[in-house]
Q: 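Starting off with a structure, shown below.
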Amino acid sequence: ANGQTFTSAPTTNLCSVGSPTEVTSNPGTFTWSCAGSNGGQDASCSATRASTATVTPATQTVSGAVGTAITNTTAYTPSGLTNPVTYAISPALPTGLSLNSANGVISGTPTASQATATFTVTATGATSGTATATATATVSITILATQATGTTPGGPVTARITGGTCLGYEAGSARFTVPANPPVGETFPYGVFGFTVLSCGTGGRVTITLTYPAALPAGTKYWKNIGGNWEDWTNQVRIAGNTVVLTITDGGAGDTNPNPGQISDPSGPAFAGGPTSIPTLSEWGLILLGLSLLAVVGWRQRQGYSQRG
C-alpha cells in the first residue's frame with residue numbers, strides 16, 4: 001500500500017514486515033508506521049489520498065438579457081473540502097457579471113451579449129501545509145441582446161425590444177435585408193427587419209420599436225412576409241414620425257416560428273411608387289410652351305375686342 005493511491009484508508013498490505021500502526025487520514029495523504037523487526041527501526045509509510053471532493057449543484061444555467069439583472073445562481077454546497085472554501089471561474093464571465101468567491105454565486109447585470117458557453121467553477125478547500133483539494137462544477141451562460149442596429153440603403157435603423165415577455169434576440173438573427181420579390185409598386189428604402197426572439201414563454205409576446213433616420217412619409221404601409229406572401233400590416237402597427245411599433249404574439253398572427261416560446265418575423269415599411277419624381281427639362285419645356293400659347297390666345301382675343309369697339 002505504501003506509495004499507492006486510495007480514496008479511503010488502506011487496510012491491507014500495509015507492511016512487508018512488522019506490524020502496522022493505525023492509519024491516519026490527513027488531507028491529501030494516509031500515513032502509518034511499520035514496526036521494525038529484530039530490533040530494527042520503525043518505517044514510516046504513506047499513500048496518496050485521492051480527492052473525493054464535490055460541490056452541488058454540479059450544473060447550473062444562466063439565461064439573461066443585456067441591461068437586465070440576472071437571477072442569481074444557487075450558492076454551492078461543498079463536500080469533502082476543508083474550510084475555508086473559495087471559488088473561481090474560467091473563462092472570464094461576460095462583462096457586468098461577477099462571481100462571489102466565498103459561495104460561488106454569480107450575479108450582476110450583463111452589458112454585452114454572450115452566445116451560449118460553458119464556464120467551469122472550481123472550488124478549492126484549504127488543508128494543512130500547502131496541500132489543497134478541489135472540485136468543479138459547470139455553468140451554461142447565455143446573454144441575449146435586446147437591441148439591434150443595421151445599415152440600410154435609407155440609413156441606419158435601430159430595432160429595440162421595448163415590451164413583452166421575450167428575453168432577447170437569438171444571436172445573429174436580427175438582420176436588415178433587401179426584400180426579394182417585394183409587392184408590386186412598393187419600394188422598401190430601409191429593407192425588411194428579420195429576427196427571432198427567444199424565451200418568450202408559450203403564448204408570450206414581443207413589442208419592438210423600430211427607429212428610422214427620418215420621418216416616414218404619409219401613406220407609408222407596413223408589410224409582412226408570411227409563408228412567402230406579402231401581407232399589408234399597416235393597421236396592426238403604430239407608425240408615428242420616424243418610428244414603427246410592432247407587437248407579435250407567440251403562435252399568433254404574424255409569427256412565422258413554429259417553436260413554442262419563440263417568435264420570428266420579417267417585415268418593413270414601404271412607399272407606394274417610390275420617391276416622388278421630378279419633372280425633366282423637356283417636361284418643363286412643355287409646360288412653358290403651353291403657358292405661352294395661352295398668353296398668345298388671350299392677347300389676340302383682346303385685340304379683336306378693341307377693333308370691334
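Just so we're clear, the structure is a prediction, and the values are computed from it rather than from any experiment.
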Q: Starting from V55, can I reach V85 by hopping between I/L/V/M/F/W/Y residues whose side chains sit under 4.5 Å apart?
A: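 In one cluster: yes.
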Q: Could I get the full list of side chain to side chain contact (heavy atoms under 4.5 Å, CB included) partners for P10, not counting sequence neighbours?
A: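 Scan of P10 (side chain to side chain contact (heavy atoms under 4.5 Å, CB included), adjacent residues dropped) gives A1, F6, L14, V23, F30, W32.
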Q: If I compare all heavy atoms of A117 with all of Q114, which pair ends up nearest, and what's the gap?
A: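 Residues A117 and Q114, closest heavy atoms: CB-NE2, 3.7 Å.
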Q: Among all residues two or more places apart in sequence or in another chain, which pass the side-chain hydrogen bond (donor to acceptor under 3.5 Å, both in side chains) test with T74?
A: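 In terms of side-chain hydrogen bond (donor to acceptor under 3.5 Å, both in side chains), with neighbours along the sequence ignored, T74 is linked to no residue.
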Q: Is any side-chain heavy atom of S79 closer than 4.5 Å to a side-chain heavy atom of T56?
A: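 Side-chain contact under 4.5 Å: no.
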Q: Which atom pair, heavy atoms only, marks the closest approach of T146 to A65?
A: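 Nearest heavy atoms, T146 then A65: CG2-CB, 3.8 Å.
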Q: Please report the interatomic distance CD1(I143) to OG1(T116), rounded to the nearest 0.5 Å.
A: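 With rounding to 0.5 Å, CD1 (I143) is 9.5 Å from OG1 (T116).
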Q: Do L99 and I141 share a hydrophobic cluster, counting only Ile, Leu, Val, Met, Phe, Trp and Tyr and linking them when any side-chain heavy atoms are less than 4.5 Å apart?
A: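 As far as the 4.5 Å side-chain criterion goes, I141 and L99 are connected within one cluster.
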Q: Taking all non-hydrogen atoms of both residues, which atom of C15 and which atom of S33 are closest, and how far apart?
A: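 Reported closest heavy-atom pair: SG-O, 4.2 Å.
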Q: Does D250 reach the main-chain N or O of G261 with its side chain, forming a donor-acceptor pair under 3.5 Å?
A: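 Side chain of D250 to backbone of G261, a donor-acceptor pair under 3.5 Å: yes, one is there.
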Q: Using every non-hydrogen atom in the two residues, find where Y169 and R160 come nearest and quote the distance to one decimal.
A: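 For Y169 and R160, the tightest heavy-atom pair comes out as OH-N, 4.1 Å.
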Q: Could you state whether L198 and V66 fall into the same hydrophobic cluster, counting links through intermediate Ile, Leu, Val, Met, Phe, Trp or Tyr residues with side-chain heavy atoms under 4.5 angstrom apart?
A: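 Cluster IDs for L198 and V66 differ.
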Q: Can you give me the closest heavy-atom contact between T152 and P189, atom names plus distance?
A: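 The pair with the smallest heavy-atom distance is OG1-O, 3.9 Å.
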Q: Side chains of W233 and I226: does their closest heavy-atom pair fall under 4.5 Å?
A: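 W233 vs I226: side chains touch.
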Q: Got a sec, which residues hit side-chain hydrogen bond (donor to acceptor under 3.5 Å, both in side chains) with S113, two or more places apart in sequence or on another chain?
A: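 Applying side-chain hydrogen bond (donor to acceptor under 3.5 Å, both in side chains) to S113 gives none.
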Q: Drop me the distance from T220's OG1 to E186's CD, to the nearest 0.5 angstrom.
A: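 Separation between the atoms: 9.5 Å.
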Q: Going only through I, L, V, M, F, W and Y residues with side-chain contacts under 4.5 Å, is there a path from F193 to I248?
A: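 F193 clusters together with I248.
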Q: Answer whether the closest heavy-atom distance between the side chains of T31 and S44 falls below 4.5 Å.
A: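 No, their side chains stay 4.5 Å or more apart.
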Q: Using every non-hydrogen atom in the two residues, find where D255 and Q262 come nearest and quote the distance to one decimal.
A: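 Minimum heavy-atom contact is OD2-O, 3.4 Å.
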Q: In the hydrophobic cluster built from side-chain contacts under 4.5 Å, what are the other members alongside V184?
A: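 In the cluster with V184 there is nothing else; it is isolated.
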Q: Is there a path of hydrophobic side-chain contacts, each under 4.5 Å between heavy atoms of I/L/V/M/F/W/Y residues, joining L246 to L167?
A: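 No, separate clusters.
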Q: Under the rule for disulfide (SG to SG under 2.5 Å), what residues qualify as partners of C45, not counting sequence neighbours?
A: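 Listed in chain order: nothing, the list is empty.
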Q: Could you list the donor-acceptor pairs under 3.5 angstrom formed by side chains in residues 174-182, with sequence neighbours left out?
A:
residue, atom, partner, partner atom, Å
R175, NH1, G172, O, 2.7

Q: Residues two or more places apart in sequence or in another chain: which of them pass side-chain hydrogen bond (donor to acceptor under 3.5 Å, both in side chains) with S264?
A: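 side-chain hydrogen bond (donor to acceptor under 3.5 Å, both in side chains) check on S264 returns T196, N257.
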Q: Please tell me if the side chains of Q60 and V62 come closer than 4.5 Å, counting only heavy atoms from C-beta onward.
A: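 With C-beta onward as the side chain, the pair stays apart.
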Q: Side chains of I239 and P269: closer than 4.5 Å at any heavy-atom pair?
A: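 No, every pair of side-chain atoms sits at 4.5 Å or beyond.
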Q: Checking D42 now: which residues fulfil side chain to side chain contact (heavy atoms under 4.5 Å, CB included) with it, not counting sequence neighbours?
A: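 Testing D42 for side chain to side chain contact (heavy atoms under 4.5 Å, CB included), a comparison that skips the adjacent residues, returns A35.
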Q: For residues 137-167, which residue pairs pass the ring pair (Phe, Tyr, Trp, His ring centres under 6.0 Å) check, not counting sequence neighbours?
A: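 Not a single pair qualifies under ring pair (Phe, Tyr, Trp, His ring centres under 6.0 Å).
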Q: Quick one: side-chain hydrogen bond (donor to acceptor under 3.5 Å, both in side chains) partners of Y222, sequence neighbours excluded?
A: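 With sequence neighbours excluded, Y222 shows a side-chain hydrogen bond (donor to acceptor under 3.5 Å, both in side chains) to S267, given in chain and number order.
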Q: How would you list all residue pairs meeting ring pair (Phe, Tyr, Trp, His ring centres under 6.0 Å) that involve residues 70-118, not counting sequence neighbours?
A: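 Passing the test, one end in residues 70-118: Y76-Y87.
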Q: Indicate yes or no for a side-chain donor-acceptor contact from T138 to the backbone of T118 under 3.5 Å, with no hydrogens or angles considered.
A: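 No; zero donor-acceptor contacts below 3.5 Å.
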Q: Identify every side-chain donor-acceptor pair in residues 200-216 under 3.5 Å, counting partners at least two apart or on other chains, and give the distances.
A:
residue, atom, partner, partner atom, Å
R205, NH1, T207, OG1, 3.4
T207, OG1, T247, OG1, 2.9
T209, OG1, T162, OG1, 3.0

Q: Please determine whether side-chain contact (heavy atoms from CB on, under 4.5 Å) holds for the pair T59 and S140, giving the CA-CA distance in whole Å, both sets of side-chain angles, and the decisive distance to 0.1 Å.
A: CA-CA 8 Å; T59 60; S140 175; over 6 Å; no
Q: With a 4.5 Å limit on heavy-atom distance, are the side chains of N100 and S107 in contact?
A: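 The answer is no; the side chains never approach within 4.5 Å.
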Q: Could you tell me whether a side-chain N or O of N225 sits under 3.5 Å from a main-chain N or O of W230, the two making a donor and an acceptor?
A: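 No, because the side chain of N225 does not come within donor-acceptor range (under 3.5 Å) of the backbone of W230.
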